[in-house]
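Everything below concerns the one structure shown next.
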Amino acid sequence: MNVKENVIISLQQGLDAELTYAQIEQLLEVPKSSALGDYAFPTFILAKTWHRAPQQIAQELVTKIDGTAFEKVVATGAYVNFFLNKPAFAAATLTTILAEGTAYGDSDQGQQANIPIDMSSPNIAKPMSMGHLRSTVIGNSLAKIYHKLGYQPIKINYLGDWGTQFGKLIVAYHKWGSEAEIKADPIGNLLKYYVHFHEEALKDPELDDEGRAWFKKLEDGDPEATHLWEWFRGLSLAEFKKIYDRLGIDFDSFNGEAYYNDKMDPVVADLQQKGLLQESQGAQIVDLTAEGLTPALIKRSDGATLYITRDLAAAIDRYQKYHFAKSLYVVGAEQTEHFKQLKAVLKQMGYDWADQIIHVPFGLITKDGKKLSTRKGNVVLLDQVLDEAVSLAQAQIAAKNPELHDAATVAHQVGVGAVIFHDLKNDRLDSFDFNLAEVVRFEGETGPYVQYTNARAQSILRKADFSGDLSTHSLALADPQAWDVVKYLADFPNVIQRAAQGFEPSVIAKYALRLAKAFNKYYANSKILVDDEQLAARLGLVTAVSQVLQLALGLLGVAAPEEM
RNA sequence: GGCGCAGUAGCUCAGCUGGAUAGAGCAACGGUCUUCUAAACCGUAGGUCGAGAGUUCGAACCUCUCCUGCGUCACCA
């Protein structure tokens with residue numbers, strides 16, 4: 001079944017092949033409102049050759065087109081509008097969705113090629129804030145989207161688990177810390193020590209030297225420093241995992257910055273050997289003026305490595321391990337220059353796979369117009385936001401559906417779903433100021449709205465009491481009220497493609513909202529559970545809607561409770 | 001100052017490759033629960049699509065100039 005093809009062929013015949021198939025395909029559009037039709041052909045470009053007004057051309061063209069395959073073909077203004085045969089299209093669409101089930105929209109285009117996704121990457125000993133949420137949920141959703149298209153995503157949590165701050169932390173722990181405190185609240189107290197250290201260091205600059213000294217010890221493999229580092233890291237990771245569990249997200253790798261400690265020297269040597277390294281102001285750089293970029297600083301004047309040194313090692317390591325088709329970095333837009341540099345250096349090193357490295361940037365979350373900063377106390381803790389969302393969901397359930405069984409689980413699904421959906425529904429690159437009330441809203445264009453729509457559909461199916469196999473009945477749904485729903489359902493595979501091409505989960509989120517809205521409208525205007533000859537078709541529609549909503553929510557990493 | 005991203009209704013945002021009267025949600029006002037979950041549905045009101053010029057049969061979308069906001073511009077990550 002390819003209705004678009006039918007439209008194009010009919011037009012071609014009507015035009016006596018004046019335009020090619022490809023030209024018509026290019027011109028063909030979908031009207032904004034389905035009241036105008038399902039496909040539209042604008043006649044403007046024919047005005048010159050036909051020497052007539054577009055309106056007249058449209059009228060004449062309609063008479064030349066064989067419209068028997070369609071409900072109707074009409075001229076409206078300068079457009080030739082095609083109306084599809086609704087029952088036939090509905091039957092084909094619903095049959096496909098019911099038959100394919102959760103595989104609807106699947107593709108094997110990825111051929112199991114690997115796609116490592118660099119995502120989340122919180123810093124050890126610091127709490128996860130709303131700022132970390134974006135990378136985490138966008139990365140997770142992209143993993144699911146690409147998996148559906150036959151790729152093999154590898155979710156990598158590039159933990160911030162190395163750097164001078166660990167030296168400082170060790171000093172702070174020795175001076176003011178206690179094992180008992182840390183055990184009680186690992187991240188909270190580690191952060192407290194860290195902040196305290198910075199306050200004290202302002203008065204006593206020698207503290208910084210002590211911190212550097214301890215970091216040097218750590219780098220040299222000092223047993224005590226190593227032990228403390230491992231302890232802090234383990235505790236932090238355990239805390240992070242609690243949050244990831246709440247979000248329903250897991251990782252394939254926790255290879256953080258420390259993992260690359262012994263992998264940078266070979267990279268530097270390679271750069272040296274390829275003659276790319278230059279000395280400038282005492283530092284080692286790779287010149288990128290040819291690409292219009294500032295130089296990549298590989299080694300500081302004191303010999304220490306830098307961010308990009310580690311990222312080069314990581315990129316090369318990932319390529320050797322995975323031979324990726326694409327390597328995604330879900331990292332804030334403020335690091336765009338860094339990734340341009342990274343790619344440029346890799347290219348100069350002769351790695352043609354550098355082009356497969358893709359930075360997937362996202363906009364900044366601010367609070368009161370200012371950047372979130374743990375040290376300055378301008379933070380929004382992710383845990384607290386999730387708590388708030390879940391308790392609001394609980395209250396909502398108590399008020400609206402007190403009989404609901406397993407209310408705690410549903411409250412969790414709805415609350416967390418609201419937070420995730422809120423972060424994914426808009427264009428990645430949109431920056432926004434954090435607004436708790438907005439994040440935990442359950443009405444309107446929100447995750448819970450979509451979840452609720454699915455729950456309603458499920459409720460109908462429970463009550464339907466329809467014995468037998470829907471697929472053995474005619475699904476030729478004729479109800480014009482359901483038409484928008486059917487068209488959205490049919491569009492789902494394209495939507496996944498668009499989301500993947502743009503690395504944009506919001507495409508899925510917006511689709512889910514449109515489908516849910518169309519279904520709710522249908523629901524409000526039509527009685528579904530009526531025993532007539534169209535019952536099976538309507539139940540087929542409800543089943544398909546629920547299936548596709550669940551798939552869409554699944555691709556976003558949002559749960560789909562059956563009741564709420 | 002260079003580069004990048006953005007500027008659409010009071011607020012938050014859609015608008016697929018330029019196309020038919022610019023769409024949602026929130027907030028406001030008014031309707032709809034004895035009938036499939038009202039976390040819903042319907043209606044009213046609300047817009048010089050930052051400004052100006054250009055290209056085009058046609059521009060929120062493409063080009064140029066300007067204005068405004070954010071990010072970034074080597075020894076943090």
Side-chain angles (χ1 to χ4, degrees), chain A residues 26-27 29-33 36 40 42 44-45 47-48 53-54 76-79 81 121 123 158 160 162-165 257 280-285 288 292-302 304 306-308 310-311 331-338 340-341 361 363-364 366 369 371 393 396-397 399-401 404 414 418 425-427 429-433 435 437-438 441-446 448-453 455-464 491 494-495 498 502 506-507 510 513-514 516-517 519-530 538 542 563-564:
Chain A
Q26 250 256 307
L27 289 166
E29 49 191 81
V30 177
K32 281 176 192 160
S33 158
L36 287 165
F44 302 103
I45 54 143
K48 275 180 185 161
T76 311
Y79 292 84
N81 290 331
S121 312
N123 292 317
Y158 189 50
W162 203 252
T164 336
Q165 72 266 30
E257 294 171 351
S280 168
Q281 299 172 31
Q284 298 290 317
I285 65 155
L288 299 172
L293 297 167
T294 48
L297 248 188
I298 304 297
K299 274 198 165 187
R300 259 172 16 191
S301 39
D302 65 2
L306 284 144
Y307 182 35
I308 197 163
R310 209 170 283 269
D311 258 7
V331 179
E334 66 273 17
Q335 290 189 34
T336 302
E337 291 297 310
H338 166 74
K340 282 186 186 165
Q341 290 183 324
L364 211 58
T366 54
K371 232 176 140 165
Q396 190 84 324
I397 290 167
K400 308 227 176 210
N401 195 356
L404 184 62
V414 171
K425 83 170 174 195
N426 287 136
D427 192 300
L429 281 165
D430 287 352
S431 298
F432 66 89
D433 203 63
N435 178 335
E438 192 67 23
R441 237 186 54 223
F442 300 151
E443 287 155 24
E445 295 174 330
T446 65
Y449 173 81
V450 179
Q451 291 173 318
Y452 176 72
T453 309
R456 283 177 127 185
Q458 283 294 323
S459 174
I460 290 177
L461 295 175
R462 275 195 303 275
K463 290 186 176 161
D491 198 33
N494 298 326
V495 169
R498 267 201 289 141
S506 69
V507 170
K510 281 170 192 141
L513 286 171
R514 279 196 303 268
K517 193 165 168 54
F519 179 72
N520 279 324
K521 185 172 186 168
Y522 169 68
Y523 181 102
N525 291 314
S526 311
K527 184 84 181 156
I528 293 161
L529 295 178
V530 184
R538 286 193 302 272
V542 176
E563 290 181 64
M564 62 186 270

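Throughout, protein chains are lettered first and strands after them, A, B, ... in sequence-line order, and every chain is numbered starting at 1.
For the pair A/Leu27 CG and B/rC16 P, the computed distance is 17 Å after rounding to whole Å. Rounded to whole Å, atom P of B/rA14 lies 14 Å from atom CZ of A/Arg498. B/rG25 atom C1' lies 8 Å from atom CD of A/Glu438, rounded to whole Å. As rounded to whole Å, 7 Å separates atom C1' of B/rG71 from atom CD of A/Glu334. Whole-Å rounding puts the A/Lys425 NZ to B/rG15 P distance at 13 Å. Look at CG on A/Asp430: it is 19 Å from P on B/rG4, rounded to the nearest Å. Atom CZ of A/Arg310 and atom C1' of B/rC76 are 12 Å apart (whole Å). A straight line from CD of A/Glu337 to C1' of B/rC5 spans 12 Å, rounded to a whole angstrom.
Of the candidates B/rG4, B/rC73, B/rA20, B/rA20 carries the atom nearest the A/Pro31 side chain, counting heavy atoms from C-beta on. Closest to the A/Ile460 side chain, of the nucleotides B/rA77, B/rU17, B/rC36, is B/rC36. Looking at the side chain of A/Glu443, the nearest of the listed nucleotides B/rA77, B/rU17, B/rA40 is B/rA40. Residue A/Arg441 has its side chain nearest to B/rG25 when only B/rA20, B/rC57, B/rG25 are considered. Distances were taken from every side-chain heavy atom of A/Phe44 (C-beta onward) to each of B/rC13, B/rC57, B/rG25; the shortest belongs to B/rC57. Ranking B/rA39, B/rA20, B/rA38 by closeness to the A/Ile397 side chain, first place goes to B/rA39. In the set B/rA40, B/rA77, B/rC26, the nucleotide with an atom closest to the side chain of A/Asn520 is B/rA40. Set against B/rA39, B/rC42, B/rG15, the side chain of A/Lys510 has B/rG15 as its closest nucleotide. Counting only heavy atoms from C-beta on, A/Asn426 has its side chain closest to B/rA14 among B/rU37, B/rA77, B/rA14.
Counting any heavy atom pair closer than 4.0 Å across all strands shown, A/Ser431 reaches sugar-phosphate atoms only and no base atom. Using a 4.0 Å heavy-atom criterion, one finds that A/Ala40 contacts the bases of the nucleic acid, with or without backbone contacts as well. Across all strands shown, A/Asn81 has heavy atoms under 4.0 Å from base atoms, whether or not it also approaches the sugar-phosphate. Within 4.0 Å of A/Thr453, counting heavy atoms only, lies no atom of the nucleic acid at all. Residue A/Pro54 is out of contact with every strand shown, counting any heavy-atom pair closer than 4.0 Å. Using a 4.0 Å heavy-atom cutoff across all strands shown, A/Glu29 reaches at least one base atom of the nucleic acid. Within the 4.0 angstrom heavy-atom criterion, base atoms lie near A/Ala455. When heavy atoms are screened at a 4.0 angstrom cut-off, A/Lys517 is found touching the sugar-phosphate backbone but no base atom. At a threshold of 4.0 angstrom between heavy atoms, the contacts of A/Tyr523 include nucleobase atoms, whether or not backbone atoms are also involved. Heavy atoms of A/Tyr449 sit under 4.0 angstrom from primed sugar atoms or phosphate atoms, though from no base atom. Across all strands, A/Leu529 comes closer than 4.0 Å to base atoms (heavy-atom distances). Residue contacts shown for A/Val507 are absent, as no nucleic acid heavy atom lies under 4.0 Å away. Among the protein residues, A/Gln341 comes within range of no part of the nucleic acid, since none of its heavy atoms lies under 4.0 Å from any strand. No contact: A/Ser33 has no heavy atom under 4.0 Å from any strand.
For B/rU37, one of the phosphate oxygens OP1 or OP2 lies less than 4.0 angstrom from a side-chain nitrogen or oxygen of A/Lys463. OP1 or OP2 of B/rU72 sits under 4.0 Å from a side-chain N or O of A/Lys371. At least one side-chain nitrogen or oxygen of A/Arg456 sits closer than 4.0 Å to the OP1 or OP2 atom of B/rA38. Phosphate contact (OP1/OP2 of B/rA77, side-chain N/O of A/Tyr307, threshold under 4.0 Å): absent. For the OP1/OP2 pair of B/rC57 and a distance below 4.0 Å, the side-chain nitrogens and oxygens of A/Lys48 include at least one atom meeting the criterion. Taking 4.0 angstrom as the limit, A/Lys32 places a side-chain polar atom (N or O) nearer than this to OP1 or OP2 of B/rA20. The side chain of A/Lys400 places an N or O atom within less than 4.0 Å of a non-bridging phosphate oxygen (OP1 or OP2) of B/rA39.
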Dot-bracket assigned to RNA chain B with the 3.5 Å Watson-Crick/G-U criterion, [ ] for crossing and | for other-strand pairs, is (((((((..((((.....[...)))).(((((.......))))).....(((((..]....))))))))))))....

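How far OG1 of A/Thr446 is from OH of A/Tyr452: 12.0 Å, rounded to the nearest 0.5 Å. A/Thr76 contributes atom OG1, which lies 6.5 Å from atom CG of A/Leu36 (distance to the nearest 0.5 angstrom). Here the OG1 atom belonging to A/Thr453 is positioned 8.5 Å from the CE atom belonging to A/Met564, to the nearest 0.5 angstrom. For the atom pair CZ of A/Phe442 and CD of A/Gln396, the computed distance is 6.5 Å after rounding to the nearest 0.5 Å. Atom CG in A/Asn123 sits 6.5 Å away from atom CD in A/Gln165 (nearest 0.5 Å). From A/Leu364, atom CG reaches atom CG of A/Leu429 across 11.5 Å, with rounding to the nearest 0.5 Å.
The residue from A/Glu443, A/Glu438, A/Glu445 that alone fulfils the side chain to side chain donor-acceptor pair (under 3.5 Å) condition with A/Arg441 is A/Glu438.
A distance of about 39 Å separates the P atoms of B/rA22 and B/rC36, rounded to the whole Å. Straight-line distance between the C1' atoms of B/rC67 and B/rC26: roughly 30 Å, to the nearest whole Å. B/rA77 and B/rC41: their C1' atoms are spaced 50 Å apart (whole Å). B/rA53 and B/rG69 have their C1' atoms separated by 24 Å, given to the nearest Å. Nucleotides B/rU55 and B/rC64 have their C1' atoms positioned 11 Å apart, rounded to a whole Å.
The residue among A/Asp427 and A/Phe442 whose nearest nucleotide of RNA chain B is located toward the 5' end is A/Asp427. Taking the nucleotide of RNA chain B with the nearest heavy atom to each of A/Ala393 and A/Ile528, the more 5' of the two is matched to A/Ile528.
For the pair A/Ile308/A/Ile298, a side-chain contact is recorded, criterion being any heavy-atom separation below 4.5 Å from C-beta on. Between A/Lys510 and A/Val495 there is no side-chain heavy-atom pair separated by less than 4.5 Å. Residues A/Arg456 and A/Ile460 are not in side-chain contact: their nearest non-hydrogen atoms beyond the backbone lie 4.5 Å or more apart.
Checking A/Ser506 against A/Asn426 by side-chain atom types alone, no donor-acceptor pair falls below 3.5 Å. If you check the side chains of A/Tyr307 and A/Gln335, you find a donor sitting under 3.5 Å from an acceptor.
Here B/rC57 is in the anti range [glycosidic angle more than 90° from 0].
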